[in-house]
Amino acid sequence: MSSHKFEEKLSALGIVLDDRQKEQFDLFYEILVEWNEFMNLTGITEYEEVNEKHFVDSVSIVKAMDMKSVKSVIDVGTGAGFPGIPLKIVFPELEVVLLDSLNKRVKFLNAVIEKLQLKGIRAIHGRAEDYAKQQEYREQFDLCVSRAVANLATLSEYCLPYVKKGGVFLPYKSGEIDEEVVQAKKAVTILGGTLREVIKFQLPGSEIGRSFVKIEKVKPTAKRYPRKTGLPAKEPLGIC
């Protein structure tokens, strides 16, 4: 199974895959579709669509970040492994942690890691609020990514505690993001971040509008954040 369209879209991002990486993407697709038959991983299952809306979208981070400068990444609320697994395939030297609150999704992620023979990547089961309090994970990462659906103020409270000083939090967002960014500015500051830029673009060869919000960690996050389970979503910092 090989898609020239997929390779062309990656090429537009400056990414060229070797044969092993192509195999890994195809295998990932096969496992995703197979497991999706008995658990809800994605509503997108057609080959070209998965390539575009999951794989290309995941690695489009190169529009906002020099990945050669990144050694460690945590993907918060990874779901079916996006963007963390595609990033690991394309940048195999990365140390990657995939965090998800649903145990059966973590079992799926572990099956993918094993079948793709990926090293230096692990999937962990739990809530973002809980792991962010643990010394092993708090302020340990060069980069935190998330495609989770939550407003930016809430997502910042979940994610910024994982980022080391000088590191970056980069949420994946749809094209329309301006109002959300304005509303999140206070939360980002409270959590030790500063908003560097918003990168808007279309996925290569499509009309799908995407945005990256580049948030740099400039000082440690106060110990009281993230707040207890449910509060970041119910009462976003700086908005209520």
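Values below: every heavy atom of this structure, side chains too, minus hydrogens, waters and symmetry copies.
Scored by the side-chain contact (heavy atoms from CB on, under 4.5 Å) test, Q202 finds E207 as partners (sequence neighbours excluded). Applying the side-chain contact (heavy atoms from CB on, under 4.5 Å) rule to Q134 yields the partners Y131, Y137; only residues at least two apart in sequence or on another chain are considered. Among residues two or more places apart in sequence or in another chain, the side-chain contact (heavy atoms from CB on, under 4.5 Å) test is passed with S11 by none. Every side-chain contact (heavy atoms from CB on, under 4.5 Å) that K5 has, sequence neighbours left out, goes to S3, E48.
Under a 4.0 Å N-O distance rule, the pair K200/D178 qualifies as a salt bridge.
Checking K173, K9, R147, K63 one by one against D57, the salt bridge (Lys or Arg N to Asp or Glu O under 4.0 Å) holds for a single residue, R147. For the salt bridge (Lys or Arg N to Asp or Glu O under 4.0 Å) criterion with D142, the lone passing option out of K165, K71, K164 is K164.
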**Request:** With salt bridge (charged side-chain N to carboxylate O under 4.0 Å, His left out) as the test, would you mind laying out the steps for E30 and K115 before giving the verdict?
**Result:** CA-CA 11 Å; E30 286 168 16; K115 287 191 180 169; over 6 Å; no
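Counting only residues at least two apart or in different chains, ring-ring contact (aromatic ring centres under 6.0 Å, His included) contacts with residues 145-187 comprise Y172-F212.
From L17, atom CG reaches atom CD of E23 across 11.5 Å, with rounding to the nearest 0.5 Å. Atom CG of L109 sits about 5.0 Å away from atom CD1 of I85, to the nearest 0.5 Å.
Using a 4.5 Å cut-off on side-chain heavy atoms (C-beta onward), S60 and L13 make contact.
Aromatic ring centres of F25 and F6 lie closer together than 6.0 Å.
Between the Q21 side chain and the D18 main chain, a donor and an acceptor come within less than 3.5 Å of each other.
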Pairs of donor and acceptor atoms involving the side chains of residues 91-100, under 3.5 Å and at least two apart or interchain, shall be tabulated with distances.
from : atom 1 : to   : atom 2 : distance (Å)
D100 : OD1    : G79  : N      : 2.8
D100 : OD1    : R105 : NE     : 3.4
D100 : OD2    : L102 : N      : 3.0
D100 : OD2    : R105 : NE     : 2.8
D100 : OD2    : R105 : NH2    : 3.0

